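Below you'll find the structure, written out as structure tokens, and then a few comments.
Note that the coordinates shown come from a computational prediction; the quantities given were computed from them, not determined experimentally. Throughout, residue positions are numbered sequentially from 1 according to the sequence presented.
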Amino acid sequence: MRDMARVMPGLMAWGLVTGVAMAKSGLPISIALLMSLSVFAASAQLSAVPLMLAGAPIWVVWLTALCVNLRFVIFSAQMREHMMCLPLRWRLVAGYLTADVTYVMSVHRYGGKPSASSERVEPLAYFVGLAVINWGGWNIASLFGVLFAAWVPTAWGLGFAGTLALLGLLVTLAKDRQTLWTAGLAASAAVAAFALPFRLYIVVAVAAAVAVGLLMDAWSARSAARVEG
């Protein structure tokens with residue numbers, strides 16, 4: 001919970017902007033509040049709302065949200081080893097609560113370590129601590145943005161605070177050359193694919209990061225084996 005609290009000011013600013021954007025888009029307050037609590041995904045919300053207001057077919061709205069959130073398939077594949085000891089209902093709850101930052105911090109601390117079990121609950125406890133603070137802080141900020149949108153000028157540029165929070169987290173996690181190379185190539189892939197529809201550049205960046213990371217891990221393992229040989 002302390003780890004997540006360090007980055008929550010920036011994320012709450014981002015949540016505030018998301019709530020303001022939904023309210024100022026013309027959605028009824030009740031729908032905006034329901035979306036804030038149920039969707040819990042800023043990118044999907046900000047992508048879907050303009051389509052809904054433009055009267056786009058529902059399948060276009062769903063496809064856009066699906067494409068934006070495809071990165072969570074990759075996230076969940078890495079977190080699976082710690083979640084499979086849970087019953088299905090709790091795995092579904094964990095899937096709902098998983099966000100970019102909870103995934104990054106969980107994998108950074110417990111990735112590559114023994115899987116969670118009834119005797120080893122630390123990875124799950126850590127995830128719960130992250131998720132409680134992240135979900136609560138995000139929704140408080142988003143609901144505040146929905147309810148008080150008229151008093152929050154968009155000219156403040158609060159959305160950039162969320163970007164700074166994620167950037168600060170990235171810098172603290174990038175402690176070796178391999179991580180820096182992976183992050184740099186993923187960023188380059190995102191810029192190169194920015195013109196893709198449905199914000200697929202996010203998925204391209206995540207896929208590039210995973211591919212580069214796996215390749216560099218394999219290269220490091222082969223190098224170590226040659227040294228030992």
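- Sorted by first and then second residue, the side chain to side chain donor-acceptor pair (under 3.5 Å) pairs with a member in residues 58-75 read Arg71-Asp100; sequence neighbours excluded.
- Think of Val128 as one node in a network of Ile, Leu, Val, Met, Phe, Trp and Tyr side chains linked at under 4.5 Å; its network also takes in Val132.
- Nearest heavy-atom pair, Met35 versus Met52, reported as atom, atom and distance to 0.1 Å: CE-SD, 3.8 Å.
- Ring geometry for Phe75 against Phe72 counts as perpendicular: the plane angle is over 60°, on a 0 to 90° scale with 30° as the lower cut.
- If you chain together ILVMFWY residues whose side-chain heavy atoms come under 4.5 Å of each other, Trp219 ends up in a group of its own.
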Self-check item: side-chain contact (heavy atoms from CB on, under 4.5 Å) assessment of Tyr126 paired with Met105
Solution: CA-CA 9 Å; Tyr126 187 72; Met105 298 178 78; 4.2 Å; yes

Quiz item: Can you list the steps and then say if Leu33 with Leu37 is a side-chain contact (heavy atoms from CB on, under 4.5 Å)?
Solution: CA-CA 6 Å; Leu33 292 174; Leu37 289 170; 5.6 Å; no

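- Within the structure, the side chain to side chain donor-acceptor pair (under 3.5 Å) test picks out the following pairs touching residues 84-97 (sequence neighbours left out): Tyr96-Trp135.
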Quiz item: Which is it for Leu11 and Asn134 under the side-chain contact (heavy atoms from CB on, under 4.5 Å) test, yes or no, and what are the steps along the way?
Solution: CA-CA 8 Å; Leu11 295 180; Asn134 189 42; 3.8 Å; yes

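- Thr182 contributes a side-chain N or O that, together with a main-chain N or O of Gln178, makes up a donor-acceptor pair within less than 3.5 Å.
- Both Val49 and Leu143 are part of a single hydrophobic cluster, where members link through side-chain heavy atoms under 4.5 Å apart.
- Residue pairs meeting the side chain to side chain donor-acceptor pair (under 3.5 Å) criterion with at least one member in residues 33-49, sequence neighbours excluded: Ser36-Ser142, Ser47-Arg199.
- Under the side-chain hydrogen bond (donor to acceptor under 3.5 Å, both in side chains) criterion, Tyr103 pairs with Gln78, sequence neighbours left out.
- No path of Ile, Leu, Val, Met, Phe, Trp and Tyr side chains, each step under 4.5 Å between heavy atoms, connects Leu215 with Val212, placing them in separate hydrophobic clusters.
- A donor-acceptor pair under 3.5 Å links the side-chain atoms of His82 to the main chain of Tyr110, judged by distance alone.
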Self-check item: Chi angles and distances behind the side-chain contact (heavy atoms from CB on, under 4.5 Å) call for Lys113, Glu122
Solution: CA-CA 11 Å; Lys113 295 185 178 180; Glu122 291 87 353; over 6 Å; no

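- The environment of Arg80 atom CZ is sparse: at most 12 non-hydrogen atoms of other residues, nucleotides or ligands sit within 6.0 angstrom.
- Classified by interplanar angle (parallel below 30°, tilted 30° to 60°, perpendicular above 60°), the ring pair Tyr201/Phe194 is tilted.
- Pro114 has its side chain within reach of Arg120: a pair of non-hydrogen atoms, C-beta onward, lies under 4.5 Å apart.
- When every heavy atom of Ala186 is checked against every heavy atom of Ala208, the shortest pair comes out as CA-CB, 4.5 Å.
- The side-chain heavy atoms of Cys67 and Leu196, taken from C-beta on, include no pair separated by under 4.5 Å.
- Val61 and Ala48 make their closest contact through CG1-CB, 3.8 Å (heavy atoms, listed as atom of the first residue, atom of the second, distance).
- Contact annotation: the side chain of Leu130 approaches that of Ser106 to within less than 4.5 Å [non-hydrogen atoms, C-beta and beyond].
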